[in-house]
Structures are given as C-alpha cells and as structure tokens.
Amino acid sequence: MNKNFQKVFANAKSENRSCFVAFVTGMDPDYESSKKILIELSKSCDVIEVGVSFNTSTSDSSIIMSANDRAIKSGARTEKIFQLIKEVKNEITSDTAFVTMGYLNQIHVYGIDRYIKDCKKSGVDGCIVVDSNNESPEDELIFKGLTKNDIAFIKLIAPTNDSAYIKQSLKKCSSWVYIISYAGVTGSKDVNLDNVKKLSKMIRKQSKIPIGVGFGIKSQDDVKKVSKLADLVVCGSSIVNKIKEGSQNGLSNHDLAHFVGEYVNNLSKGVKH
Amino acid sequence: MKLMKIPPFKELNPPDNLGYWTNKKTGEKYGGQYISPLLIPNLKKVEAGFKKAMKNKKFLAGLEEQLVNHIGIITPILRSLELEDIAGGEKKIGKIFLKRTDLHHDSSHKPVSAFSSVYFAKHILKAKKIITETGASMNARAVASACAKLGLECEVHIGAVDAEKVSLNKDITELYGAKIVECHDSTKTLLPAMAAALRSWQSDPAAMYVVGSVCGPHPYPLMVRTFASIIGRIAKKQMKDLTGKLPSNVFAVCGGGSNLNAISYPYYKDKKVNIFGIESAGKGISSGQHAATLTSNAPIGILLGARSNVLMNNDGQIDESHTEASGLDFSGVGPEICYMHSINRIQFRATSDKEAQETFLMMCRKTGILPAIEACYVIHAALKEIKKRKNPKENHLIHLCGSGESNVARMLKYKREHE
C-alpha cells in the first residue's frame, strides 16, 4: 500500500471513522482558485481526487463536463495539473492523499512513463483511469509503472460487474478499490446502498482491500449512511456545483475557497462513526 | 421476381479476441475496448450475442430476407456516361459505375447496418430499447425506422448544430417515434452526441446501444462492418455480372468509415483492386478546419472506446472537426479503417467543402441525381483520380452512399449565393 494512504487509513482508524474523499476538477475555474480550493479542502479531506479534464469523457455528468470545459478554457493541461498538486502538497501540513482521476487518452498522449514519473515527482499518491480496460496493454503498463513507484492504482467496480471481473480488477488494484454505487454517470442519481452492500460482499470474499464508495453522495446524511458501509466516502458533483455557484456569484479566490471549504467541511463530518 | 443470391459473409480480416487489429510491422494496435467498467458486461453481452448470431442460420436468413424486402438492399449499380464524359470519355478513362445505396429505404447506406443492429438487438439480445447517436441523422432515421418496424423503443442523441443542419431527417426520425435528445455539450456535433449516447447507456444498461459507424469499443467496429459489408458483397457480384471482372478502383467517402468499410471489405484480399477512402478537407487541410483524420496524419489516440487515429491537440483534447457534411463531421475514424490505412491497403484523399458543393450542383445538373453532400466528396476525388490514371481498360466503382434530400435547403442557398 502507498505510504501516504497507510497514514490516511491509520488516522481514520484512530479516530474511529471512515475517510472522506472530495473530487474536484483540477484548475476549475482557474489555476489560482483551484489551488486555494485544494489547500482549503486538505483541512477536512483525507483524500482529494483531482480531475484531469478530458473534453470527450464518456462517464461524466454535465456538471463535471462543464467543470472540464471551464478548466480547459482556463488552460488546464496534464502538466499543469501535476504542477498544481505539487504546489498544493508543498503548502499543506496534513497527510491528505492526492489522486488523479482521468481518461486514458490524456495519459497515452502525455506518455505512460512520463505520466507516472510526474505523478511521483509531484507527490501524487494514486491514479484512477476511468476507461482503462483491465485487459488492455496500456493498463498493464500503468499497473507496472505505478506499482514500481509505490503509487496506488485505484480500480473502479460497478454494480454490473461480476465476481470474475472483480477478481481481475483486484489483481491490479492497490491501496483501495472504488465502488460505483449505481449504473449511470457521476452525480446523476442517488447513492444506491443495496448495490454497495452487494458489491462490498463480493469484494470482501476476495480481498481485505479498503473499499471506497462514490456516485450520488450529495449530503452529510448520505455520507453518514455510506460511511457505515465503506472505508472511504467520495463526494464529487455536489462540490463541483458549489465551485460553479461560487464563481458565478463573483467570489474572489479567497472567498471561493472558503465557500467551498465550508461546504466540504460540513459534508466530511458525516464520516464520524 | 427472381432476386440475386447474395454471397455469404466471409471473415477476411479478423481482429484478435480483445478487438485489436495489429499492424505487424509497426506493432501499432487499432481498436480494443476502453470504457467505464459499468459497460464492460454490456459489451461482453453484445460480443457473445454477435458471435452466436453469425452462426445462427435462421437469424441470418431472417435478417437477409428483411434487408432484401424491407430495406431494398439489392440496389442497382448504374454506369454513368455523364461522369465518364466529364472525366474525359470512356476511350480515355474507362467506365464509371455508381453503386446506388441512395436508393435504399430511407435513402442511404445507413439502414443496412442500422436495421441489422436493431434486428440483432431484438432477436438475439432480446432488448426492448435502443440508444443511438447521429450526425447527418441518416443513422437516426434508419434506426428509428427499424425500431418502429420491429417494435422497440428508440432514443436518439443528436448534436444541436447537426439538428439544425439536417432538420428534415431529424423530423422524419421524430415521426418514426424516436425520442430525440439534443446534445448541447462542447461542439454540439456527432462526437459529443456519441459520448452522450454512451453515457445514457450507462444509466440504462438493459437497453442496446447502436453505433452509427464502424467506431466505438469492440465489438462495434467489427459488428457494424460485418453487417454493412452485405452492400459490398452484393456490389462485388453485380460488378462481376456487369463487367465480367473485378473493378480496378473502388471509391468511398470516409467519416467514421462505415460506408467505406461496407463497399470495400470484400476486396481486402483482392490486391489488384485499389481502394480509395475520401475524407473531408473542410476549408483545406492547412487551415486546420477539416475532418481529414487520416489524410492529415492525425496521431493515435483513444476516443469513444477505441484506439485509432484521432484529431486532437498535444494535450489529448479532441479537436473539433469541420465540414459541410454532417455525416463526415467526426474527429476520428473506425479502427479497422485506420489499420487498413496503416498497411497501405486503403489510400486516402481529401476533398474540400467547396469542391463537394460544386460537385453537388454538377451532379444535379449533369446527371439528374440528387446525391447526399457526403457522396459529393467521393465523386469529386474519384473523378480527379480517374482523370489522372487515364486508363481506358479500368472500371471504376464509386459508392453513391446517400440521397441529398436533407441537403436541399442549404444547397439551394449555396447555389443562389454563388451563381
């Protein structure tokens, strides 16, 4: 397991709670605001997923798609996202782990080896690659590179997957596994606890790996419910919506970071057991 | 009426079991299955169903009967003396033949793969609902028509820009009973519409997704070209009957690649037959505003579930394609076509929008045919190539892949502004 994730899980265990994970699109709405938001979020989040924008993503809701558009317009590029994470990590004092979340095309174009090297350099603790098929040659290269560098490869498991698929994913998965709670795109439905229970059971039969749950977790109450079933609780679309709301209302960088930070801090309180 | 016996399908260029076509010289792979884990089981289901279907004689016979009697798939190949004259005359350039898939039910080559996919969804997968996307709406219209006939629910994703360009086809699609979802993401054209359809499928995995071209994750490129290749199998036999031999050159336009795949597939192993794929050069390749993925040597990327050549920037963001023809407005090309390009089996050329528009007017005036604007890109490039070859012994086959009804308003405006 990645060293920073070991600390993250140990901290949560000592406080008898699950871990809180926030997703934001990197550089949404711009570099400086995003940096301030990430620093602010690090105060209440155990893990931050930073979205690497792709303008033709196939699994994101319109909320995330618009965030991607905003970020790309403000100059988001893969190397900028690495720079952002590096600068944020240098400034924060918490053990917050950083995960990149994106699509394979960006990594392919950037170069798989270069991507992994830059993950290491900028202090990225884990990677999620939404459309990286377990059986593809690229997936194998990413798996080997991340493993060699002690960076987590976080695999997604969906309610439609069977135990054979789960087995195949867990072979390459490290630090934690991410359950998609319903069939649909990010943030489009309510979290489905039955699916979470069913999938957790299937995963637990094969592995003791920590389980994270995302998709449809929009309120502190949702966080509370999910934290009873999962080691990590992921919130995304509702936070991204807050960023949109704050920036549309013309908040300054500083105020926007506080506005979003306060919202996330409130959500994160749901993880206490 | 005695109809021709359609030659059966033979697999001439199989991908590996992960859906890749691999160029042995370069090691480059084309195809594959890059998609959220949510859709992997669906794709496996489609893949298993497709394998089963291709061995199911009753299914294949039933489908063929419907394609013959409902789609009217045995469209003629007509010699065009007018085009021969324009190119320099038979004595100088040989004979020009047009495969008239514009005469299919619903007026394009699309109904063949669309009807086959919906028939497959109903009879093999037992699906009740179809999700699809469209550019020129030819696919949507064809899928909606098939769903109406076969009693399936139909949801169509169309880019808002395309919806305005081809409103007639869109209206027909609506009359056939489809639910039309206009896509306002990014460029508002085929590409974001396809991403939207894939997202919709993730929310509704019990439905079947129908791809309008030979694109998308495995097994779609394989399945769509297999279904569509019946066009080429019929055309190959017709050419043999008409001329006693194989054509020297086969020409087809290429957006995603379905009509090129459809007509050229049966000739893959006939090395004497030259195959030409024609892309849209839009406002000119050097302008950057085009849809000529292969002609412009676009790099390999991973787009909408497959590894193939893609118009994109150096950060991997997909570039917007530009062309007058909605049916060609796409930033990638199907993986098998990219592979055939990489091994130099298919040669590529590009025609500008202006050249296609002029060809449209020429076709109307000189041949009395109203071709789809998409088909005008290939007719222009074919005439240019035929003139250059100047070989009276050659027979040329051009795929006239659609009718231009839905282009009438824009083309009439063009005519009035330019004459």
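Convention: sequence-line order gives letters A, B, ...; per-chain numbering from 1.
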- prompt: So which part of B:N314 gets closer than 4.5 Å to some heavy atom of chain A, the side chain, the backbone, both or neither?
  reply: both
- prompt: What's the spacing between A:S57 OG and B:R199 CZ if we round to 0.5 Å?
  reply: 6.0 Å
Most chain B-contacting option - heavy-atom pairs closer than 4.5 Å, from A:A76, A:P137, A:S169: A:P137
- prompt: Quick one: which of B:L43, B:I40, B:L18 gives a side-chain contact (heavy atoms from CB on, under 4.5 Å) with A:N133?
  reply: B:I40
message: Nearest 0.5 angstrom please: A:T58 OG1 to B:I35 CD1, how far?
response: 4.5 Å
- prompt: Looking at B:P41, B:S331, B:A195, which one has more heavy-atom pairs under 4.5 Å with chain A than the rest?
  reply: B:P41
- request: List the atom of B:P37, the atom of A:A158, and the distance in Å for their closest heavy-atom pair.
  value: C-CB, 4.2 Å
message: Is it the case that atom NZ in B:K129 sees more than 12 heavy atoms from other parts of the structure closer than 6.0 Å?
response: yes
query: Which distance, rounded to the nearest 0.5 Å, do you find between the CG of A:L156 and the CG of B:L38?
result: 9.0 Å
task: Of all the heavy-atom pairs spanning A:N55 and B:Q317, show the shortest one and how long it is.
output: N-OE1, 2.8 Å
message: Checking A:Y165 against B:K44 for the side chain to side chain contact (heavy atoms under 4.5 Å, CB included) test, could you report, in this order, the C-alpha distance in whole Å, the side-chain angles of both residues, the deciding distance, and whether it holds?
response: CA-CA 11 Å; A:Y165 183 86; B:K44 299 280 178 212; over 6 Å; no
message: I'd like to know whether NZ of A:K172 has more than 12 heavy-atom contacts from other residues, nucleotides or ligands below 6.0 angstrom.
response: yes
- prompt: Should B:V310 and A:N105 be marked as a side chain to side chain contact (heavy atoms under 4.5 Å, CB included) after you check the CA-CA gap, both sets of side-chain angles, and the distance that decides it?
  reply: CA-CA 10 Å; B:V310 179; A:N105 194 48; 5.5 Å; no
- prompt: What do you reckon, is NZ of A:K120 surrounded by more than 12 foreign heavy atoms closer than 6.0 Å?
  reply: yes
- request: Pick one of side chain, backbone, both or neither for B:P192, based on which atoms fall under 4.5 Å of a heavy atom in chain A.
  value: neither
message: Looking at chain A, which one of B:R307, B:K29, B:M194, B:M312 has the largest number of heavy-atom pairs inside 4.5 Å, strictly under?
response: B:R307
query: With only heavy atoms counted, which part of A:D60 is less than 4.5 Å from chain B, the side chain, the backbone, both or neither?
result: backbone
message: Give the interface residues of residues 288-302 of chain B toward chain A, defined by a heavy-atom separation under 4.5 Å.
response: B:I300, B:G301, B:I302
task: Work out which heavy atom in B:Y20 is nearest to a heavy atom in A:S136; give both atom names and the distance.
output: OH-CB, 3.5 Å
task: Can you tell which part of A:Y103 gets under 4.5 Å to a heavy atom of chain B, answering side chain, backbone, both or neither?
output: neither
message: With rounding to the nearest 0.5 angstrom, report the OG to CG distance, A:S59 to B:L198.
response: 8.5 Å
- prompt: Using non-hydrogen atoms and a limit below 4.5 Å, what part of residues 106-113 of chain A faces chain B?
  reply: A:Q106, A:H108, A:V109
- prompt: Between atom OG1 of A:T160 and atom NZ of B:K45, what is the distance when rounded to the nearest 0.5 Å?
  reply: 10.5 Å
Side-chain (A:D131) to main-chain (B:G305) donor-acceptor, under 3.5 angstrom: no
Stepwise side chain to side chain contact (heavy atoms under 4.5 Å, CB included) test for B:S203 and A:K189: CA-CA 9 Å; B:S203 305; A:K189 298 180 186 173; 4.3 Å; yes
